[in-house]
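I have placed the structure first, in the form of structure tokens, so that the comments after it can refer back to it.
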Amino acid sequence: MNRLHLSLLVAALAAVSARAADDIVLADFEGKDYGNWKTTGEAFGPGPAQGTLPRQMKVSGYLGHGLVNSFYGGDKSTGTLTSPEFKIERHYISFLIGGGGWTGKTCMNLLVDGRAVRSATGPNVVPGGSEALGPASWDVSEFPGKTAQIQIVDNATGGWGHISVDQIVLTDKKPPKLLADQTREFAIEKHYLNLPVKNGAPKRKMAVLVDGKPAREFNIELADAAPDWWAPLDVRAFRGKRVTLCVNQLPEDSSGLKAIEQGDTLKGAENLYHEKYRPQFHFTPRRGWTNDPNGLCYYKGQYHLFFQANPYGVKWDNMHWGHAVSRDLIHWTETDMALYPDDLGVCFSGSGVVDHHNTTGFQNGKDAPIVCIFTSMGEQHGAQSLCYSTDAGKSWRNYDKNPVLGNLTPGNRDPKVIWHEPTKKWVMALYLSQDKKSDKPPMYALFGSPDLKAWTKLCEIEPPKCGECPDLFELPVDGDAKNTRWVFWGGNGNYYVGRFDGTTFKPESGIQCFIASHSFYYASQSWSDIPASDGRRIQIAWMSGGQYPDMPFNQQMSFPRELTLRTTPDGIQMFCNPVREIEKLHGKARTWTNAALKPDEDLLAGVSGELFDIRAEIDPGSAKQIAFDLRGVKVCYDTAAKKLSCGKASAPLEPVNGRIRLQLLLDRTSLEVFADDGLITLNDCFVPDDANRSLALTADGGEAKVVSMKVFELRSAWK
Ligand code: FRU
């Protein structure tokens, strides 16, 4: 609390008798320093933290910008923070608290006459968990008028050895009583426990205790009353057992725990895949949040798509790996969660490979093991682990000697593994770190392994303007199998073309930019093990940042794209095009050939709908601008600036032989644009306007010619 806040407090205290019902904000920690509060030790830093501290999981649930956060210097630092004396002039003290749950060690105490008469801790004592602060309160009506102090203590140095506190208020309004731990028992007979979720409700910690031990632990915005949606908690593994569900800090009158139902289907999913803002041919999870695609591999006719998942909320949290399979990259069947957080932490991104030579020794039947390599993000701040399937991807188990590559740098993550046939070993590309305060490029490294378990460092790569989720693959140039290059790929779509001899990657070009700025395309990854007879390199990405109001899911994947390297006047460059399987969804087609596009004419007048694949070759002629308007979402070509734009994204586009070529994939909440046969790609995510289903193609300021155009209506992949 700074001086201003302190004087406000003094003034408020003086006014207490006059206006007894007003709350007194004892501290909101919005100042630059702690004011008259006194610190000892290092843990509390020079003043309130402005949210999350370096190397800390995201802190949420505090008010304003500042809070007490004793993660200063990490978990190992210790100290105390003590308030000046104040008078207890209200019945209650309410506050927000989070961090470690170590009684007496990571706690906030109320001192009366120098003695702790009340104490509270954060909720966490096991790895994983959440840095969210939650509301708590003390009834202090037995100490009227007493002089007291608040003392915040961090005397713990191991995991969750820190505490966070904000918004300490003296109040007469009875805060809802939060029950420490409420439990409910279930004899598990069905597939799911359907949990009621209210988006934006306080985050609570839920644990599933099996035989008295926590088998699952996660944060959930549990609905205290009517839910927005139901989150399925897969409990098949516990069938026939009695499990105890334990939630902390539930208000007394909450129906959250009582409402939980056992069932063999997702509750409230009658309209599954047909919800108002559900993409119809882009992958989305049935329920909850997704970000990066993970573990992409192909085995026995099935494409496996794993994805970063929060099954219990529509925001990023509780990272699990969801799983879906498809035979054609169009129709996806979501299966149960493949990977759950464990003692090593939550499951960050990674990759998947088929271990055809059984180098891991995991094989125990006719199927080659499918192995996923992922980041366990816990106390160690990132270590690389394995999980595997020996039944063609139906069930998954963690390797019992995880991690296989311990922590190297804080935050190292996102292993992408490939089989390097010439040197007969596995190669892992790993994101190591980035000093965001300097101009230095991020650091990645390659590692080699005979068996996916023992890894040795091969080389380091520092590609400028890259971040997170690497990929590494070989592609023929212009389709010539004898002339190949290797591509090192950063999570944001910037890439190097170069050579890789099994030990060192040598870029032959500068860093190239693949994705137009402001596009929704991140953490892209390509499929492993696509058979040589197919030979494609297929990539998918998280269309990061779209909005899906009031939906029980959040975020979508891009449509899968085929990557090719081609020689251009600017050297060897990456091209991408939607996979040809899109044609499976083609419905009615309309065709135009050599059609004049005059100002004030609309070539698509009368065409309406919501799902389309549009392919056009246009001679801009004398037009100043050519614009597609697809349900209000615009794709414009500015002929003078030679610039193509889509939503906020834009990129230079040079006509080839006087023509621009475009392919547009319009889904219910996204539009992907591929220009010049895939040299340029940009996209937009949008919330569609119910009232507008029309398409338009117009030219401004002169006449253009539509050399050829095909507009295919698309069927939903969910029908
Ligand atoms: C990229 C990323 C990865 C990380 C994952 C966590 O979007 O930040 O680096 O593994 O998301 O969900």
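First listed ligand is number 1; within each ligand, the first listed atom is number 1.
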State whether the number of non-hydrogen atoms from other residues, nucleotides or ligands found under 6.0 Å of His331 atom NE2 is greater than 12. yes
Should we say atom CD of Gln547 is surrounded by more than 12 heavy atoms from elsewhere, each under 6.0 Å from it? no
I'd like to check the side-chain contact (heavy atoms from CB on, under 4.5 Å) partners of Asp400; sequence neighbours left out, ordered by chain and number. none
Are the ring centres of His320 and Phe218 closer than 6.0 Å? no
Hey, are Gln308 and Thr290 close enough side-chain-wise for a donor-acceptor pair under 3.5 Å? no
Mind listing the N or O contacts between ligand 1 and protein, cut-off under 3.5 Å?
from, atom 1, to, atom 2, distance (Å)
ligand 1, 7 (O), Asp292, OD1, 2.7
ligand 1, 7 (O), Asp292, OD2, 3.3
ligand 1, 8 (O), Glu468, OE1, 3.4
ligand 1, 8 (O), Glu468, OE2, 2.9
ligand 1, 9 (O), Arg413, NE, 2.6
ligand 1, 9 (O), Asp414, OD1, 3.4
ligand 1, 9 (O), Asp414, OD2, 2.6
ligand 1, 9 (O), Glu468, OE2, 3.2
ligand 1, 10 (O), Ser349, N, 3.1
ligand 1, 10 (O), Asp414, OD1, 2.5
ligand 1, 11 (O), Asn291, ND2, 3.2
ligand 1, 11 (O), Asp292, OD2, 3.1
ligand 1, 12 (O), Asn291, ND2, 3.0
ligand 1, 12 (O), Gln308, OE1, 2.6
ligand 1, 12 (O), Trp316, NE1, 2.8

Just by modelled atom types, is the Glu672 backbone N or O under 3.5 Å from a matching donor or acceptor in the Asn683 side chain? no
